[in-house]
Number of protein chains: 2
Amino acid sequence: MARTQGSRADITGPLIRDEALRLFARQGYAAVSMRQIASAVGVQAGALYAYTPDKQALLLDLLESHMQELLAAWKDIPGDPLARLERFVRFHIDTSLDHPDAVFLSYMELRNLTPENFARIADLRNRYEARLSAILRDGVAAGMMQIDDVKLTTLALIAMLTGVTNWYREGGRLDRRRIGEIYWGLVRGAVRAV
Amino acid sequence: MARTQGSRADITGPLIRDEALRLFARQGYAAVSMRQIASAVGVQAGALYAYTPDKQALLLDLLESHMQELLAAWKDIPGDPLARLERFVRFHIDTSLDHPDAVFLSYMELRNLTPENFARIADLRNRYEARLSAILRDGVAAGMMQIDDVKLTTLALIAMLTGVTNWYREGGRLDRRRIGEIYWGLVRGAVRAV
DNA sequence: GTCTATATCATGATAGAC
DNA sequence: GTCTATCATGATATAGAC
């Protein structure tokens with residue numbers, strides 16, 4: 001028995017997520033219509049509702065799976081806090097540049113989440129920040145870093161690293177490896193591990 | 001001769017700008033309706049159009065005057081590059097905390113500007129960043145700082161400093177002076193001026 | 001300068017055919 | 001699973017009275 005007209009359930013779902021992420025990041029959640037997403041996917045607007053109950057659930061899904069992926073991807077290693085910090089810096093930059101749209105969404109569209117959904121994302125974000133805080137604390141304890149305030153330094157460093165997505169362009173003046181080196185130099189100095 | 005009904009031209013203009021800034025920052029440009037702004041001001045939606053030709057012009061006006069104010073407020077001083085850098089750090093943090101909504105808008109709603117309007121804001125932003133780059137270059141020339149890449153370091157530091165608006169809450173654990181100290185410590189280390 | 005009323009259009013979401 | 005058609009709502013912006 002042949003499929004019904006134009007059914008492509010296997011690829012439509014991921015496509016909706018991809019296009020929604022791209023459009024939300026470029027124009028903002030509120031500025032993007034369901035018709036616009038549907039058009040980018042190549043279906044009619046009504047078809048989207050076979051995959052998501054509503055627009056808000058689509059946003060939550062994008063943010064939540066990004067944060068889950070981020071948490072799952074980072075594997076700390078035992079040993080020298082300085083080596084762990086360098087790995088974190090390069091990991092965070094690489095991941096941010098691999099998923100610039102998701103990173104942008106994560107910082108910009110939290111306010112468009114319902115309070116309950118916001119709490120879920122904030123919790124995931126806190127767990128990620130705690131990974132960096134742990135490294136900094138260990139570095140201080142080992143006498144290898146000098147840090148006035150671990151919590152503030154965590155937030156400051158993450159803001160600095162995430163900022164690469166604001167200006168990085170593929171094929172630009174600096175490649176990723178070089179960017180990682182420069183930022184690692186800044187971070188190493190900031191924690192007085194020169 | 002008495003004024004016509006409810007006319008308050010002297011205060012309505014600034015009020016519209018204040019409320020629009022507040023609402024745009026909290027909900028996003030696209031998510032805020034002209035009715036919503038009017039309601040916050042205490043007039044009907046139609047009255048807004050006596051002050052702005054349209055919603056886009058209102059956004060441009062807010063962003064442009066914020067950047068102009070920022071540029072006008074920063075006065076560099078001759079002398080020790082390190083002292084100049086410290087002043088810049090404290091200035092940027094204080095200004096960001098004084099105008100958190102405008103700072104947020106400046107980073108967030110550029111994408112909702114028309115290309116022409118975007119170019120105007122980007123130009124102002126570049127001029128501001130150039131102020132910091134100049135200090136860093138002087139610091140390197142004087143042998144007081146070690147910086148791999150002045151342009152990148154400029155962007156990294158500004159992203160870090162601006163990040164305070166993401167978590168700062170009036171009356172929180174740390175006051176502004178202490179925050180300034182901590183960030184200055186991070187910056188001083190990052191440029192190897194320990 | 002502000003109000004009321006309205007023109008025009010786009011939106012999120014749903015119903016039912018296939 | 002997708003389409004077409006549609007409902008109900010709310011958007012920007014304008015016109016004309018006061």
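Reminder, nothing fancy here: chain letters follow the sequence lines and each chain counts from 1.
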Before giving the answer on salt bridge (Lys or Arg N to Asp or Glu O under 4.0 Å), spell out for A:D123 and A:R127 the whole-Å C-alpha distance, their side-chain angles and the decisive distance to 0.1 Å. CA-CA 6 Å; A:D123 175 62; A:R127 281 160 57 187; 3.7 Å; yes

Distance-only donor-acceptor check, side chains B:S65 and B:R17, under 3.5 Å: yes

Just by distance, with hydrogens left out, do A:T95 and A:D98 show a side-chain donor and acceptor under 3.5 Å apart?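 On atom types as modelled, these side chains do not qualify, holding no pair under 3.5 Å.
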
Rounded to the Å, how far apart are [X] [atom1] and [N] [atom2]?
X	N	atom1	atom2	value
B:I11	C:dG1	CD1	P	13 Å
A:L58	C:dG12	CG	P	11 Å
B:Q56	D:dA11	CD	P	18 Å

Consider only side-chain heavy atoms of I, L, V, M, F, W and Y, link residues closer than 4.5 Å, and tell whether B:V194 and A:V140 are in one cluster.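 B:V194 and A:V140: separate clusters.
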
Among A:L23, A:L62, A:L21, whose side-chain contact (heavy atoms from CB on, under 4.5 Å) with A:D101 holds? A:L21

For a side-chain contact (heavy atoms from CB on, under 4.5 Å) with A:V164, tell me which candidate from A:L97, A:V103, A:D94 qualifies.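 Result for side-chain contact (heavy atoms from CB on, under 4.5 Å) with A:V164: A:L97.
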
A:Y51 side chain N/O closer than 4.0 Å to the phosphate oxygens (OP1, OP2) of D:dT2?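 Yes, because at least one side-chain N or O of A:Y51 sits under 4.0 Å from OP1 or OP2 of D:dT2.
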
A:T12 vs D:dT2: side-chain N/O to OP1/OP2 distance below 4.0 Å: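 Answer is yes, contact under 4.0 Å.
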
Close residues, residues 29-36 of chain A, relative to DNA chain C [heavy-atom separation under 4.0 Å]: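 Within residues 29-36 of chain A, the residues near DNA chain C are A:V32, A:S33, A:M34, A:R35.
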
Nucleic acid contacts - residues 37-48 of chain A versus DNA chain D, non-hydrogen atoms under 4.0 Å: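 Going residue by residue through residues 37-48 of chain A, the ones with a heavy atom under 4.0 Å of DNA chain D turn out to be A:V43, A:Q44, A:A47.
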
Is a side-chain donor or acceptor of B:E19 paired with a backbone partner of B:A38 at a separation under 3.5 angstrom? no

Salt-bridge present (A:R84, A:D76; N to O < 4.0 Å): yes

